[in-house]
Amino acid sequence: MDYNPQEIEAKWQAYWEEHKIYQTETNSDKPKFYALDMFPYPSGAGLHVGHPLGYIASDIISRFKRMQGYNVLHPMGFDSFGLPAEQYAIETGQHPAITTKQNIETFKAQLGKLGFDYDWSREVQTSSPDFYKWTQWIFQQIFDSWYNQKTDKAEPISELISEFEKNGNTQVKADCDEDTPSFSAEEWNKFSAEEKQHLLLKYRLTYVADSIVNWCPVLGTVLANDEIKDGFSERGGHPVERKKMRQWMMRITAYSEKLLQGLDGIEWSDAVKEMQRNWIGKSFGAEMEFEIDPSGVSGVLKVFTTRPDTIYGVTFMVIAPELDLVDTLTTPEQKEEVAKYVNWAKNRSERERQSEVKTVTGVFTGSYAINSFSGEKIPIWIADYVLAGYGTGVVMAVPSSDDRDFRFATQFGISIKCVIEGSEDLDDPTEIKHGKLINSGSLNGMNTQDAIQEVIKEIEKRGIGKGKINYRLRDAVFSRQRYWGEPVPVYFEGDIPKVLPEMTLPLHLPEIDEYKPTEEGEPPLGRAENWKYEDKYEYELTTMPGWAGSSWYFLRYMDAQNNEEFASKKATEYWNQVDLYIGGTEHAVGHLLYSRFWTQFLCDRGFINHREPFKKLINQGMIQGMSALVYRVKDEDKFVSFDLKNDYETTELHVDVSLVEGDVLDIEAFKSWRPETANYEFITGKDGKFICGNRVEKMSKRWYNVVNPDAVVARYSADTMRLYEMFLGPLEQSKPWDPKNIDGSFRFLRKLWRLFENEQSEFYVSGDAPSKDEWKVLHRTIKKVKEDLDRYSFNTVVSEFMKLVNDLNALKCNKQAIFEPMLRMMAPYIPHITEELWAKMGHIKSIHIEQFPDFDEKYLKEDAFTYPIMINGKKRHLMDFAAEMNQADITTEVLADETVQKWLEGKAPKKIIVVPKKIVNIVV
RNA sequence: GCGGAUGUGGCGAAAUUGGUAACCGCACUAGACUUAGGAUCUAGCGCCGCAAGGCCUGGGGGUUCGAGUCCCUUCAUCCGCACCA
């Protein structure tokens, strides 16, 4: 019988399921290995061939590790809350849960055909109440915590309360709201319950705040910064504007430093680590105060600067238009102009602001500040190049050292004062940013680095500022004005949010009549009737953002059925970090940062024992589509083959890739796909075939280049698909799906099969002892494959398999002693065919392949450094000679190449490869 | 502008990490077989050259007995961030 994948793949998939081969043990003495894929959002389109790329890799590793005696956790689940199901619900009225359920079934069926070893008994779905109960529970723990800077961790809010009762908040060092007032214990104890709650909210790690958010009117919800690209929503590409709204926030900024430090201990790519570092954006500088003049206006302007050394070069101040300070600072004469500008700036969309970065706009407030170093009176301006959200929202402008300040000063005719030697001679003084200071009073002659320290010392002495570390990271908005998400487990007494008692969780999503916002503009949950806690308290109407569930799902897999806890301590201690996490780069900052944040938090509060969720991260590349193109002769009802298209003026048209075989178009199929072309002429190319052009672009319905894995499995086999995707190139790299190359992988599987069967389809594996050469190729391959898998090099392994089969073919090897370890080695990649052949070898005890083979050095040893050299006319092995070298009293007359000569002079290092072709003659 | 990568045959790529550059596959060429297939087998396949031989890892320089690999410099492409003071 020939290789018949359809039959054997179904058979083995059923066998594995029936015997629960891949169910992970909970209690095990074995070492553990946790391999994880980023769980998919179950979209209606189903899987395309890009999805399984990472899944195949993690499947190979988990099979490999399991065969090496590890207890492997390799689960799969679904990130099943999300916008598309809700959009569909708005359009059709169908409950998003139904759509979601159907899509998940499709996904599971597709995944099943690829032969993955997932333990489905641990499946999670973020939209399932069993799961979101614990998302809500974790939210409550965050609500019940504050960040103690003294112990540098999150602690229960009850401890903060007892501190307040004892000492007020004067000795507390916490990450809290800017406007938190100081109070003594006495004052605290006199506060009303309501006042206390308001104050506590300033300390909680999740809190309600009015903040400026990215509002997307089309989607009807707010978006996080990482959900926006170039001023448009990442999903759907709708415009985004800035809007002030009451939101739930996560105080992720408390973890800035830990999130930054933690990156050093994990094995992620430099690119992703760097992206996270940039996102956190740590910078060193100083915070300092400028007095306002005339002193009729009370208070000071507080700025953050990384260049306190340029203090003498400050010639104006700029504040962000959003700040309340604007009103205070504006003089009556300027009022009208300022109001106009502020209003203009406010209504500018996020997109306009970003695309017009080079445009300089601003307005003078009429007020002045005093530079206490130079004593100069400097004007205060408003401009939207200053961001309200970074630092203090106020900038001390040094036009001689900062490009933007320079542009601004030039535009508005503000004076420029150079403070760095050499810059005064340039048209653009900002070209020199570091050097010796000039025009800077007592700082003159110092270099910039020393001056920074000096100025910080000075402002600290004068009490007008201090050295400060600033982070770019903002607190994360945790509200979405949507239906299909986790309800926030909170109710309101007046405007005080209170968490629901744990026993009432999960707070179920209520049924509503329509999935749209209410007429009053409340989120969809506002439609739920009689939806009140204890029939009187309003629930929170927003839901959690998409990243809530995905920030901890990897913990749930460890103990997915637990009804008492999100996961038992025992389970989280055993499984600990994810050893290998595979997924796309699109989550480089969003999901991967939030997960790290929640993990840090859960560790602080003692719920788990590890700080970093993902030890090793691999970002698999995208599989791009190979679009097929046909060329229509301009203004005529004719198509022309690719090879002749230069003879015509043409327009191109995408054609469904399934209508193209190789490069050749199936014209009839095309005509029935596009009936309007039924009478068109097709000008075929040289060999009578109609050739299509092609182009690599994103795999998308729009380009008709989506390849469905089911089709590949049906036409070839799951093993072919697995092998091919791994063979395409390095996992991390993006690469096009080129259907022409699949044949090679399929051919290999048939070649493998024919090692076991002769031309007459007789299974003819022999029990004879293998030859030395046979052992050698086998062990060489095992060694290489093991090493490659240990360093997650997936594509090179496939080459090794192919080479081995070629070699065994050439040796006409049909020995069982070789085949057994060979199949065991190949099983992680191509589990179906190897199991089948394994079973066909009959007398093997276990029907299921369970062990990865070991290689034996003894078959490989002679490979190293055995090239003969001639010494005194006698053939010797170089390594033997090298071993004697040091003791030997050698006078040499070398007739060899320079390398060997140098080596004999003692200059060359330990290792030498001598080209076999050139036998070297050394006379000793 | 800042940051991260990548650059090797016609194509996808490999190189035991500083030691014979191009494993393996695709495409291509020639041949064999044949139940004519989208099958299989054999041989060839970086460039120049009839050959011996010479030249090849984006360009230039350096370190080294030896560089695709390390260092400097330069160019090109891709990705991420971006008025962050």
Side-chain angles (χ1 to χ4, degrees), chain A residues 2 225-226 229-230 269-275 277-279 281-283 285 303-307 310 318 320 353-354 356-360 383-387 389-398 401-405 407-408 470-474 585-586 588-589 621-622 661-662 715 723-724 727-730 732-736 738 740-748 750-751 754 759 780 783-784 787-788 791 793 795-806 809 863-865 867 897-905 907-918:
Chain A
D2 212 354
N225 286 335
D226 53 85
K229 263 195 90 143
D230 304 324
S269 71
D270 291 343
V272 173
K273 282 190 186 180
E274 207 48 42
M275 274 188 237
R277 282 192 196 105
N278 289 343
W279 197 259
K282 184 179 189 176
S283 50
V303 305
F304 173 75
T305 178
T306 55
R307 293 297 303 275
T310 61
V318 196
R353 240 189 36 126
Q354 286 191 13
E356 293 164 22
V357 159
K358 291 267 147 11
T359 326
V360 181
D384 75 344
Y385 81 85
V386 174
L387 305 174
Y390 183 76
T392 59
V394 184
V395 168
M396 59 173 234
V398 186
S401 289
D402 183 279
D403 306 338
R404 299 150 301 174
D405 297 345
R407 248 188 282 132
F408 196 85
N470 206 22
Y471 298 91
R472 209 182 70 119
L473 189 69
R474 305 263 60 89
T585 353
E586 65 271 22
V589 278
M622 256 201 299
E661 199 58 62
R715 177 154 159 190
L723 201 65
Y724 174 61
F727 185 58
L728 269 174
E732 291 91 338
Q733 231 163 71
S734 285
K735 52 233 157 183
D738 187 348
K740 285 200 285 279
N741 291 331
I742 307 173
D743 288 325
S745 304
F746 189 59
R747 226 170 270 166
F748 162 77
R750 285 205 308 225
K751 248 188 229 175
R754 279 198 304 270
E759 289 89 41
R780 183 203 64 205
K783 181 167 195 255
K784 185 77 175 28
E787 284 169 357
D788 285 354
R791 61 188 174 109
S793 170
N795 54 328
T796 51
V797 170
V798 184
S799 297
E800 289 302 317
F801 290 169
M802 291 180 170
K803 196 179 153 113
L804 174 63
V805 167
N806 286 348
N809 239 323
D863 245 9
F865 311 117
Y867 302 120
D897 68 10
E898 204 190 355
T899 302
V900 176
Q901 183 172 357
K902 295 280 177 178
W903 177 61
L904 289 171
E905 284 165 10
K907 281 189 184 173
K910 332 103 210 184
K911 201 174 166 192
I912 294 190
I913 298 292
V914 177
V915 186
K917 283 175 254 168
K918 308 179 201 163

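Reminder, nothing fancy here: chain letters follow the sequence lines and each chain counts from 1.
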Problem set entry | Integer-rounded Å distance: B/U77 P and A/Gln733 CD | 18 Å
For this session: Report the residue (A/Glu787 or A/Ser283) whose heavy-atom-nearest nucleotide on RNA chain B is the more 5′ of the two.
Result: A/Glu787
For this session: Could you tell me whether the side chain of A/Met275 reaches within less than 4.5 Å of the side chain of A/Thr585, counting heavy atoms only?
Result: yes
Problem set entry | Whichever of A/Thr585 and A/Gly744 has its nearest RNA chain B nucleotide further upstream toward 5' | A/Gly744
Exercise. A/Arg750 CZ to B/U40 C1': how many Å, rounded?
Worked result: 9 Å
Exercise. Are side-chain heavy atoms of A/Arg780 and A/Lys803 found at a separation under 4.5 Å?
Worked result: yes
For this session: Determine which nucleotide pairs with B/G1, using a 3.5 Å limit on both distances of a Watson-Crick or G-U wobble pair.
Result: B/C81
Problem set entry | Integer angstrom distance from the C1' of B/U17 to that of B/G61 | 24 Å
Exercise. Considering only heavy atoms from C-beta outward, does the side chain of A/Tyr390 approach that of A/Val395 to under 4.5 Å?
Worked result: no
Exercise. Between the main-chain N or O of A/Val360 and the side-chain N or O of A/Arg407, is there a donor-acceptor pair closer than 3.5 Å?
Worked result: no
Problem set entry | Nearest-angstrom distance, C1' atom, B/U20 to B/G25 | 22 Å
For this session: Kindly say whether A/Asp788 contributes a backbone atom to a donor-acceptor pair with the side chain of A/Ser793 at under 3.5 angstrom?
Result: no
Report all interatomic pairs (protein N or O, nucleotide N or O of nucleotides 80-83 of chain B) with separations under 3.5 Å.
unit_1, atom_1, unit_2, atom_2, d
B/G80, OP1, A/Lys229, NZ, 3.0
B/C83, O3', A/Arg404, NH1, 2.4
B/C83, O2', A/Tyr385, O, 2.4
B/C83, N3, A/Val357, O, 3.1

Exercise. Taking a pair as Watson-Crick or G-U wobble with both distances under 3.5 Å, which nucleotide is matched to B/A76?
Worked result: B/U6
Problem set entry | Distance between P atoms of B/U73 and B/C2 (Å, rounded) | 14 Å
Exercise. When all nucleic acid strands are considered with a 4.0 Å heavy-atom cut-off, which category describes A/Pro736: base, sugar-phosphate, or nothing?
Worked result: nothing
Exercise. Who does B/G18 pair with, Watson-Crick or G-U, both distances under 3.5 Å?
Worked result: none
Problem set entry | Nearest-angstrom distance, C1' atom, B/C81 to B/U74 | 25 Å
Problem set entry | Selection from B/C26, B/U17, B/G3 that lies nearest to any side-chain heavy atom of A/Glu274 | B/G3
Exercise. A/Asn806 side chain N/O closer than 4.0 Å to the phosphate oxygens (OP1, OP2) of B/G25?
Worked result: yes
Exercise. Which is it for A/Lys783 and A/Glu787 under the salt bridge (charged side-chain N to carboxylate O under 4.0 Å, His left out) test, yes or no, and what are the steps along the way?
Worked result: CA-CA 6 Å; A/Lys783 181 167 195 255; A/Glu787 284 169 357; 3.5 Å; yes
Seminar exercise, completed: A/Asn795 CG to B/G25 C1', in whole Å, measures 11 Å
For this session: Grab the NZ-P distance between A/Lys751 and B/C41 for me, whole Å please.
Result: 6 Å
Exercise. Can you tell me how far P of B/C24 sits from CZ of A/Phe801, to the nearest Å?
Worked result: 16 Å
Exercise. So, do A/Arg754 and A/Lys751 sit near enough that their side-chain heavy atoms are less than 4.5 Å apart?
Worked result: yes
Exercise. What is the distance, rounded to the nearest whole Å, between atom CG of A/Asn809 and atom C1' of B/U40?
Worked result: 11 Å
Exercise. Can you tell which of A/Val797, A/Val805, A/Leu804 makes a side-chain contact (heavy atoms from CB on, under 4.5 Å) with A/Phe801?
Worked result: A/Val797
Exercise. What is the distance from CG of A/Asn470 to C1' of B/A85, rounded to the nearest Å?
Worked result: 9 Å
For this session: Ignoring hydrogens and angles, answer whether the base of B/U16 and the side-chain atoms of A/Arg780 contain a donor-acceptor pair closer than 3.5 Å.
Result: no
Problem set entry | Options B/G25, B/A85, B/A15, nucleotide nearest the side-chain atoms of A/Tyr390 | B/A85
Exercise. B/A85, B/A14, B/G25: which one has an atom nearest the side-chain heavy atoms of A/Thr305?
Worked result: B/A85
For this session: Could you classify B/U17 for me, syn or anti, using a glycosidic angle within 90° of 0 as syn?
Result: syn
Exercise. Considering only the P atoms, how many Å lie between B/G9 and B/C47, rounded to the nearest integer?
Worked result: 11 Å
Problem set entry | Interatomic distance, A/Lys273 NZ vs B/A5 P [rounded to whole Å] | 12 Å
Problem set entry | Short side-chain donor-acceptor distance under 3.5 Å, A/Asp738 and A/Tyr724 | no
Exercise. Which whole number of Å gives the distance between the C1' atom of B/G10 and that of B/C28?
Worked result: 9 Å
For this session: Considering only atom P, compute the distance from B/C24 to B/A43 and round it to an integer number of Å.
Result: 12 Å
For this session: Remember a base hit wins even if backbone is also touched, and classify A/Arg791 as base, sugar-phosphate or nothing at under 4.0 Å, heavy atoms.
Result: base
Exercise. Paired with B/U40 by Watson-Crick or G-U wobble geometry, both distances under 3.5 Å: which nucleotide is it?
Worked result: B/A32
Problem set entry | Under 3.5 Å: donor-acceptor pair, side chain of A/Asp405, backbone of A/Val398 | yes
Problem set entry | Pairwise C1' distance for B/C11 and B/A22, with rounding to whole Å | 14 Å
For this session: Pull up the glycosidic torsion of B/G68 and say syn or anti, syn being anything within 90° of 0.
Result: anti
